[in-house]
Amino acid sequence: MFKNDELLNLFSSQETPFYYYDLKLLKQTLQSAKKAADKRGFHVHYALKANFNDRLLSVIQAMGFGADCVSGNEVQKSIDTGFSADQITFAGVGKSDKEIVTALKHRIFAFNVESIQELEVINELAGQHGERANISLRINPNVDANTHHYITTGLDENKFGVPNSELEKAAAVIKGCEHIDLIGLHFHVGSQITDMSVFKSLCVKVNEWKSWFEDRGTYIKVINVGGGLGVDYRDPDGNPVADFEAYFDVFDKFLERNAQQEVHFELGRALVAQCGTLVSRVLYTKSGSKKNFLILDAGMTELMRPALYQAYHKIEKIGGDGSEKELNYDVVGPICESSDSFGKEVLLPVSKRGDLIAIRTAGAYGEVMASNYNLRNEIRYLYSE
Ligand SMILES: *Cc1c(COP(=O)(O)O)cnc(C)c1O
C-alpha cells in the first residue's frame, strides 16, 4: 500500500509527524464487524479508549455501534458524539464518585462493576440522586489470553474484576442494595488475542458462572464478553480487516444462552487499528561501527506502544518501487529516552534525510496515548475518505 506514489504526493506537502486515517478502510472494517454481529443477534460496543478521535467516533456512531467507556469523560464524549445512553457501558477498577454521578445522570445502559465496595458506592450515589443503576458484575475468569503480560487482564493475579472468592458475598450485597439492578455478567480477558481457542475457553468459564448465578435464582439477561480480538501487525496489507466471522462464530457456538439473553461485545483494537498510520520524516541518518540509525521526527510521544510494551509495528518507507538496495536500521525517535525506538534491525530501502516513513497499524492505542513529554507539539492528522 505504501509503495504508492499517490500517497507519497499526498504526504509530501504535509508537516510531519501526523496520523493518517483511512476512513474507507475504517468503514469496511465496521461493516464487516456489524454484518457478522447482526447475523447472530450480537450487540457490539466500541471501546473508546482505543481511539477517541472525533472523526473516527462519528463514523463509528453513525454505523450503530454502542460505546464502552472507562472514564466519566469517555461517557460524556460518547453522549456528545451522539451514542445513545442505552448503548453505553462504563467499566474500570477505579471509578470516582464524580464519574459515577455523570453516568447515573445520563442513565447509561450498565456499569461494569469491579468490586464489592464499588457496588455499595454506586448504590449509595444512585439513592442520593434519585436514580437507579443497572450493573453487570465483572468476573475474573482466570483465562490466560496468551498475549503480552501487560495486556493480560483475566488472570487471578490481575487487578480487574471481582475475585471469584468474593462472588457469593457480592451476590448477597446486590440483593441488599435498593438502587441497583443486576442485569448481567461481564468478562474481559486481555487484548490482541489472535488464538480463537482463548475465546472458546472464555465461553466455557462464562457458561459456568452464568449457571452459578442462575442456580442461586439470579437471572442473567446480559452476557458481556468484553473485547480483545487481535489484528495482524505483521501483514496489514494482507489482512486489513480482522476475521469477525470466525470470532463471533466461536461465541455463537460455545456460549449457552436462551433467546431472551443478550450477548454483548466491547471491541476496540480490531475496529480501528489498521485504518491508522503514523507518518514521519527521517531527520537524520547515522552509522556507528555496529548500527545504522534512522532518526525520525516521530517518537514515543506520538506512538508509545513500542516503548510501553515492546509492541511490533510494521515500518515502511513511503514511495519507491521496491527495487532499491536495502539496509538494516534501528528506527528511533527524537525523545530523550533509550526506549524511544520503533524497531531494531528493520530491513528498509536505503534512506536519507527528508524521506517519509510509515509506521503501520497505529489506529488503536496510538494517538490516545500521545503526550507532550519534552514539550512536544500537538498531534496532527490527515484523513482520506
Ligand atoms: C480495553 C478494553 C476493551 C477493548 O479491548 P480491545 O483489545 O481493544 O478490543 C474492552 N473492554 C474492556 C473492559 C476494556 O478495558
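Since we're looking at a predicted model, the values are computed, not measured. Atoms within each ligand, like the ligands themselves, are counted from 1 in listed order. The analysis underlying the following values was restricted to heavy atoms, covering all of them including side chains, and did not include hydrogens, waters or symmetry mates.
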Which N/O atoms of ligand 1 sit under 3.5 Å from a protein N/O, and at what distances?
{"residue": "ligand 1", "atom": "7 (O)", "partner": "Ser191", "partner atom": "OG", "Å": "2.3"}
{"residue": "ligand 1", "atom": "7 (O)", "partner": "Gly228", "partner atom": "N", "Å": "3.4"}
{"residue": "ligand 1", "atom": "8 (O)", "partner": "Arg269", "partner atom": "N", "Å": "2.8"}
{"residue": "ligand 1", "atom": "8 (O)", "partner": "Tyr365", "partner atom": "OH", "Å": "2.5"}
{"residue": "ligand 1", "atom": "9 (O)", "partner": "Gly228", "partner atom": "N", "Å": "2.9"}
{"residue": "ligand 1", "atom": "9 (O)", "partner": "Gly268", "partner atom": "N", "Å": "3.0"}
{"residue": "ligand 1", "atom": "11 (N)", "partner": "Asp68", "partner atom": "OD2", "Å": "3.3"}
{"residue": "ligand 1", "atom": "11 (N)", "partner": "Glu266", "partner atom": "OE1", "Å": "2.6"}
{"residue": "ligand 1", "atom": "15 (O)", "partner": "Lys49", "partner atom": "NZ", "Å": "2.7"}

Modelled atom types, side-chain donor and acceptor of Asn51 and Tyr21, under 3.5 Å: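 A pair is found: one side chain offers a donor N or O, the other an acceptor, under 3.5 Å apart.
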Where Pro334 and Ala298 come nearest, the two heavy atoms and their spacing: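 That would be CD-O, 3.3 Å.
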Distance-minimising heavy-atom pair for Cys203 and Val250: SG-O, 4.2 Å
All side chain to side chain donor-acceptor pair (under 3.5 Å) counterparts of Tyr312, not counting sequence neighbours: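 Side chain to side chain donor-acceptor pair (under 3.5 Å) list for Tyr312, sorted by chain: empty.
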Salt bridge (charged side-chain N to carboxylate O under 4.0 Å, His left out) pairs, two or more places apart, involving residues 99-112: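 Every pair satisfying salt bridge (charged side-chain N to carboxylate O under 4.0 Å, His left out) with a residue in residues 99-112: Arg107-Glu131.
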Co-members of Leu283 in a cluster of I, L, V, M, F, W and Y side chains, linked at under 4.5 Å: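 Reading the cluster by chain and number, Leu283 sits alongside Tyr284, Phe293, Ile295, Val332.
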